[in-house]
Amino acid sequence: DAGVTQSPTHLIKTRGQHVTLRCSPISGHKSVSWYQQVLGQGPQFIFQYYEKEERGRGNFPDRFSARQFPNYSSELNVNALLLGDSALYLCASSYLQGNTEAFFGQGTRLTVV
Amino acid sequence: GESVGLHLPTLSVQEGDNSIINCAYSNSASDYFIWYKQESGKGPQFIIDIRSNMDKRQGQRVTVLLNKTVKHLSLQIAATQPGDSAVYFCAENKGYSTLTFGKGTMLLVSP
């Protein structure tokens with residue numbers, strides 16, 4: 001079975017641009033969470049979606065938004081990119097909302113120049 | 001504020017030694033504590049978790065200890081191998097699968 005897949009793997013954007021990152025959870029998993037990992041730090045929680053509804057939001061500005069589709073895949077959108085948005089963006093899926101065993105994708109490396 | 005932190009940023013061990021990675025937490029209300037392993041260029045990989053009402057849990061070559069009195073969590077890796085070299089994160093589960101991660105400890109295993 002395929003694990004969590006994220007696309008693209010690498011991305012370079014210019015300040016002020018918009019970016020969309022995509023995530024496909026493990027088949028059968030209904031919960032998707034997004035994390036931002038700055039170099040040298042642990043992942044920071046951005047959003048959680050379960051059954052297509054937002055169930056949690058971290059301390060990130062409104063420039064960050066996300067959604068989950070009927071097939072449980074998800075998109076993370078970031079508007080008006082800043083240099084500080086450069087990071088590894090991780091998607092994690094789990095079967096249930098309260099399942100501790102979250103499986104992570106390999107991440108999307110976003111560089112803002 | 002609530003946080004999960006690590007005592008040591010880097011741990012160097014010899015192959016075959018036992019490794020102990022430590023973590024301090026401050027949120028007594030967490031339900032689970034989880035250890036993740038992250039290799040270069042990859043996403044975090046689940047290792048083992050422990051409920052807040054447990055003191056110890058064992059997996060394959062790994063043991064997690066939870067000391068609620070001093071709010072301390074540790075990961076013990078037996079017979080450390082070069083393939084264990086990675087950054088290890090402890091994380092706490094605050095319900096609804098939201099994870100709060102610490103900064104991480106890099107484990108370097110030399111042959």
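In what follows, every chain begins at residue 1, and chains take the letters A, B, ... in the order their sequences are listed.
By the ring-ring contact (aromatic ring centres under 6.0 Å, His included) test, Phe103(A) is found to be paired with His29(A), residues two or more places apart in sequence or in another chain being considered.
Chain B is approached within less than 4.5 Å, heavy atom to heavy atom, by Leu88(A), Leu90(A) from residues 69-91 of chain A, ordered by number.
Using a 4.5 Å heavy-atom threshold, the side chains of Tyr49(A) and Arg55(A) count as separate.
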Could you list the donor-acceptor pairs under 3.5 angstrom formed between side-chain atoms of residues 104-113 of chain A and any protein atom two or more places apart in sequence or on another chain?
| unit_1 | atom_1 | unit_2 | atom_2 | d |
| --- | --- | --- | --- | --- |
| Gln106(A) | NE2 | Gln6(A) | O | 3.1 |
| Thr108(A) | OG1 | Pro8(A) | O | 2.5 |

Which pairs of donor and acceptor atoms, one on a side chain in residues 62-71 of chain B, lie under 3.5 Å apart (sequence neighbours left out)?
| unit_1 | atom_1 | unit_2 | atom_2 | d |
| --- | --- | --- | --- | --- |
| Asn67(B) | OD1 | Thr69(B) | N | 3.0 |
| Asn67(B) | OD1 | Val70(B) | N | 3.3 |
| Lys68(B) | NZ | Ser52(B) | O | 3.2 |
| Lys68(B) | NZ | Met54(B) | O | 3.3 |
| Lys68(B) | NZ | Asp55(B) | OD1 | 3.2 |
| Lys71(B) | NZ | Ser26(B) | O | 3.4 |
| Lys71(B) | NZ | Ser28(B) | OG | 3.2 |

Check the pair Glu51(A) / Gln68(A) against side-chain contact (heavy atoms from CB on, under 4.5 Å), numbers first and verdict last. CA-CA 8 Å; Glu51(A) 288 283 15; Gln68(A) 187 176 33; 5.6 Å; no
Can Phe101(B) and Tyr36(B) be said to form a ring-ring contact (aromatic ring centres under 6.0 Å, His included), step by step? CA-CA 9 Å; Phe101(B) 286 82; Tyr36(B) 282 90; 5.5 Å; yes
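If you measure heavy-atom distances from Gln45(B) to chain A, you find no contacts under 4.5 Å at all.
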